Amino acid sequence: MAENVNSFAGLVGVEISASSIDAVMLGGDGSIARSHSVVLTEDAPMVEQLIALIDSLKKEIGDISRIGLAVPGLVDRVTGRVAFSTNMPENASVDLINEIKYTTSLDVTIENDANAAAYGELRLGAGRGSRNLFYATLGDGVGGAFIFNGEVWRGAAGYAGEFGHVPINSEGMKLEEVASAANIIRRTRARFHQDSTSSLNNMSEESITLAAIIGAAESDDDFAQMMLERTGSYVGAAIASVINLLNIEKIVVGGPIMQAKEVVLNAIIERARELSFAPAFEATSIVEGELGLNAAAAGAACLSGETV
């Protein structure tokens, strides 16, 4: 998908997560020209911290007329409000678009964070050149998004792509219950004492974070690698269903857990290979996202430029 020179220049996107608010401004070629991040605190409501960040961006950048907002949760396409959010339920009680418009005088587009990240990867990252792809994000939650014919596909009511809710066993356990960051940490804390050779045994249970698990795996800790590989296997099983149902062209996997890179990605690919219809698997490319933790904000920026 060819782009005109400067087609992305000055577009601004903001991603809200459970722990931070992250903003990017794109350069003309779609690269990240500027970025800014603040850690969310309990001292003020999230929307006040969001508006404070937007105000600081306006002072720093100057000429901003609109922004794209990526949020965790389901977005009602009619009202433009968050209908449901597992990780940030308070967002459903706030009219984010009108709060921002009233306070900052900016036009705002709002999108589910996985949808925004998928679109970012399509336009600027690992999905360039594709027309149809599935995006999976592994982080605080587990999300998914579809791109069909170059556009985000949201489903009948705007709620498509809830990858974390895919059941992975006969008891109805959902993918998010084992593959989100919190649940990887929970599973690791429950088992790390069973492997006396693991470097994680030198830490207190409370000190075991996702970063610590990934760091141990990168240092060839067999136990940490096993926990991440099992996570990849769970995700790969769910991705196999996407491949079998849709014969999708490309699958892009992103989010904080992908900082483990090949440890998780290889496990995803191998499990998907085992459970997929072989011709459909061979026609699919499963790759790591290129935009990293900027994917959702960058995608929200792109979407803001197309909703004028």
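Reckoned from all heavy atoms, side chains included, excluding hydrogens, waters and symmetry mates. FYI, the numbering just counts along the sequence from 1. Computed from a predicted structure; not experimentally measured.
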Carefully, step by step, assess Leu133 and Glu249 under the rule side-chain contact (heavy atoms from CB on, under 4.5 Å).
-> CA-CA 6 Å; Leu133 67 81; Glu249 175 185 358; over 6 Å; no
Practice problem: Take Ile147 and Asn132, measure what side-chain contact (heavy atoms from CB on, under 4.5 Å) needs, and give me the verdict at the end. | Solution: CA-CA 5 Å; Ile147 301 287; Asn132 305 293; over 6 Å; no
- request: Start with the C-alpha gap between Leu40 and Met46, add the side-chain angles, then the distance that decides, and say whether side-chain contact (heavy atoms from CB on, under 4.5 Å) holds.
  value: CA-CA 7 Å; Leu40 282 173; Met46 183 281 297; 3.9 Å; yes
- Task: Check the pair Ile184 / Thr231 against side-chain contact (heavy atoms from CB on, under 4.5 Å), numbers first and verdict last.
- Result: CA-CA 7 Å; Ile184 294 171; Thr231 300; 3.6 Å; yes
Practice task
Go through Arg187 and Glu177 one step at a time and tell me if the salt bridge (charged side-chain N to carboxylate O under 4.0 Å, His left out) criterion holds.
Solution key: CA-CA 10 Å; Arg187 292 191 292 111; Glu177 293 174 336; over 6 Å; no
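Neither Ile239 nor Phe277 shares a network with the other; the hydrophobic side chains, linked directly or stepwise wherever heavy atoms of I, L, V, M, F, W or Y lie under 4.5 Å apart, form separate groups for each. Residue Ile251 is not grouped with residue Val287 when hydrophobic side chains (ILVMFWY) are merged at heavy-atom distances under 4.5 angstrom, including chains of intermediate members. In the hydrophobic clustering of ILVMFWY residues, with side-chain heavy atoms under 4.5 Å counting as a link, Leu275 and Ile268 come out apart. Cluster annotation: Phe192 and Met226 are assigned to the same hydrophobic cluster (Ile/Leu/Val/Met/Phe/Trp/Tyr, side-chain heavy-atom contacts under 4.5 Å, transitive). Note on Met258: it does not cluster hydrophobically with Leu293, by side-chain heavy-atom contacts below 4.5 Å among ILVMFWY residues.
Residues Thr137 and Val142 form no side-chain contact, since every pair of their non-hydrogen atoms from C-beta on lies 4.5 Å or further apart. Residues Leu26 and Leu124 have side chains in contact (heavy-atom distance under 4.5 Å, counting atoms from C-beta outward). Contact annotation: the side chain of Asp22 never approaches that of Asn294 to less than 4.5 Å [non-hydrogen atoms, C-beta and beyond]. Between Leu265 and Ile286 there is a side-chain heavy-atom pair separated by less than 4.5 Å. Phe223 is listed as a side-chain neighbour of Leu200, based on a closest heavy-atom distance under 4.5 Å. The shortest side-chain heavy-atom distance between Leu50 and Leu69 falls under the 4.5 Å cut-off. Ile213 is listed as a side-chain neighbour of Ile208, based on a closest heavy-atom distance under 4.5 Å. Counting only heavy atoms from C-beta outward, the side chains of Lys58 and Thr104 approach each other to under 4.5 Å.
Under the 3.5 Å distance criterion, the side-chain polar atoms of Asn169 are matched with a main-chain donor or acceptor of Met173. When atom types are taken as modelled, the side chain of Asn112 and the backbone of Gly73 share a donor-acceptor pair closer than 3.5 angstrom. Checked by atom type and distance alone, the side chain of Glu176 never pairs as donor or acceptor with a backbone atom of His165 at under 3.5 Å. Ser130 places a side-chain N or O within donor-acceptor distance of the main-chain N or O of Gly127, the cut-off being under 3.5 Å. Using a distance-only test at 3.5 Å, with no hydrogens or angles considered, a donor-acceptor pair links the side chain of Thr284 to the main chain of Ala280. Looking only at distances, no side-chain donor or acceptor of Glu282 sits under 3.5 Å from a matching main-chain atom of Pro279. Arg131 contributes a side-chain N or O that, together with a main-chain N or O of Asn149, makes up a donor-acceptor pair within less than 3.5 Å. With hydrogens and angles disregarded, a donor-acceptor distance shorter than 3.5 Å links the side chain of Gln49 to the backbone of Thr41. The main-chain N or O of Val252 is never found under 3.5 Å from a side-chain atom of Glu288 such that the two would form a donor-acceptor pair. The main-chain N or O of Leu96 is never found under 3.5 Å from a side-chain atom of Arg81 such that the two would form a donor-acceptor pair.
Residues satisfying the ring-ring contact (aromatic ring centres under 6.0 Å, His included) criterion with Tyr234, sequence neighbours excluded, are absent altogether. For Tyr159, the ring-ring contact (aromatic ring centres under 6.0 Å, His included) criterion is met by no residue, not counting sequence neighbours. With sequence neighbours excluded, the residues satisfying ring-ring contact (aromatic ring centres under 6.0 Å, His included) with Phe146 are Phe134, Phe148.
Checked by atom type, the side-chain pair Asn266/Glu262 shows no donor-acceptor distance below 3.5 Å. Using a 3.5 Å distance cut-off with no hydrogens or angles, the side chains of Ser180 and Asn183 do pair a donor with an acceptor. In summary, the side chains of Ser219 and Asp221 do not present any donor paired with an acceptor at a separation below 3.5 Å, with no hydrogens or angles considered.
Remark: His36 NE2 to Ile61 CD1 distance equals 9.5 Å, nearest 0.5 Å. Between atom OG of residue Ser7 and atom CZ of residue Arg123 there is a gap of 6.5 Å, rounded to the nearest 0.5 Å.
A salt bridge links Glu60 with Arg34: the distance from a Lys NZ or Arg NE/NH1/NH2 to an Asp or Glu carboxylate oxygen falls below 4.0 Å. Between Glu205 and Arg186 no salt bridge is recorded (no basic side-chain N to carboxylate O distance below 4.0 Å). A salt bridge links Glu270 and Arg273; the closest N-O separation between the charged side-chain nitrogens and carboxylate oxygens is under 4.0 Å. Looking at Arg128 and Glu290, a side-chain N of the basic residue comes within less than 4.0 Å of a carboxylate O on the acidic one, giving a salt bridge.
No more than 12 heavy atoms of other residues, nucleotides or ligands shown are found within 6.0 angstrom of CD on Glu151.
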